Chemist: 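Here you go, one structure.
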Amino acid sequence: MAVTDRKLLERIWAAVAAIPRGRVASYGAIARRAGAPRRARFVGHALKVAPARLKLPWHRVLNAQGRISLPPGSRAHRLQRRLLEAEGVRFSNGRVERAARGDDADLDAFLWRPRD
DNA sequence: GTTGTGACGACTT
DNA sequence: AAAGTCGCCACAA
């Protein structure tokens, strides 16, 4: 039985859809939340093949370093950054600005915080 | 079947 | 800090 189950794709899409406006989550965090730890790469794939009809907030998904994973300089990269900045996500040096506290906190610690 | 390539990430040098 | 290495695995060629 292939792991590429429709179910997993749907769980990933649901997890992405649940990222609140102005917040971001890492591919790995989404994978874990979808019940597929270590499948971060697959999350990228899931976003790529996601039906536009779902209108997923795909731009809120960044890599573990807090950086946009799309090719720097590409149209998609600029669009993602623009969408994020439009909802108040600030960047500094190509990285999402760390939330106030916890300079050394793991990125996932401040990422993914649905409703405080 | 095999190989190379990724919208990745954790670990080790 | 930066670069390797390895795990992961769908997909295209």
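Lettering of chains follows the sequences in order, A, B, ..., and the numbering in each one begins at 1. Note that the coordinates shown come from a computational prediction; the quantities given were computed from them, not determined experimentally. Just so you know, these numbers use all the heavy atoms, side chains as well, and skip hydrogens, waters and symmetry mates.
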Chemist: Is the backbone of A:Arg95 close enough, under 3.5 Å, to the side chain of A:Asn93 for a donor and an acceptor to pair up by distance?
Modeler: no

Chemist: Can you tell me if A:Arg39 touches the phosphate of C:dA10, counting only side-chain N or O atoms and a distance under 4.0 Å to OP1 or OP2?
Modeler: yes

Chemist: Give the minimum heavy-atom separation between A:Ala50 and A:Trp13, together with the two atoms involved.
Modeler: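 What the structure gives for the nearest pair is CB-NE1, 3.4 Å.
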
Chemist: Quick check against the 3.5 Å criterion: does A:Arg60 have a side-chain atom that pairs as donor or acceptor with the backbone of A:Val16?
Modeler: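 Such a contact is absent between A:Arg60 side chain and A:Val16 backbone.
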
Chemist: Quote, to the nearest angstrom, the C1' distance that separates B:dA7 from C:dA2.
Modeler: 22 Å

Chemist: Using whole Å, report how far CZ of A:Arg6 lies from C1' of C:dA10.
Modeler: 15 Å

Chemist: Shorter than 3.5 Å, N or O on both sides, protein versus nucleotides 4-8 of chain B: list them out with atom names.
Modeler:
unit_1, atom_1, unit_2, atom_2, d
B:dG6, N9, A:Arg41, NH2, 2.8
B:dG6, N7, A:Arg41, NH2, 3.2
B:dG6, N3, A:Arg41, NE, 3.4
B:dG6, N3, A:Arg41, NH2, 3.4
B:dA7, N3, A:Tyr27, OH, 2.9
B:dC8, OP1, A:Ser69, OG, 2.8
B:dC8, N3, A:Arg41, NH1, 3.0
B:dC8, N4, A:Arg41, NH1, 2.2

Chemist: Hey, is the main chain of A:Val96 close enough, under 3.5 Å, to the side chain of A:Arg67 for a donor-acceptor pair?
Modeler: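 Not a single qualifying donor-acceptor pair exists.
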
Chemist: Please enumerate all residues that pass side-chain hydrogen bond (donor to acceptor under 3.5 Å, both in side chains) together with A:Arg81, with sequence neighbours excluded.
Modeler: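 Scan of A:Arg81 (side-chain hydrogen bond (donor to acceptor under 3.5 Å, both in side chains), adjacent residues dropped) gives A:Glu85.
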
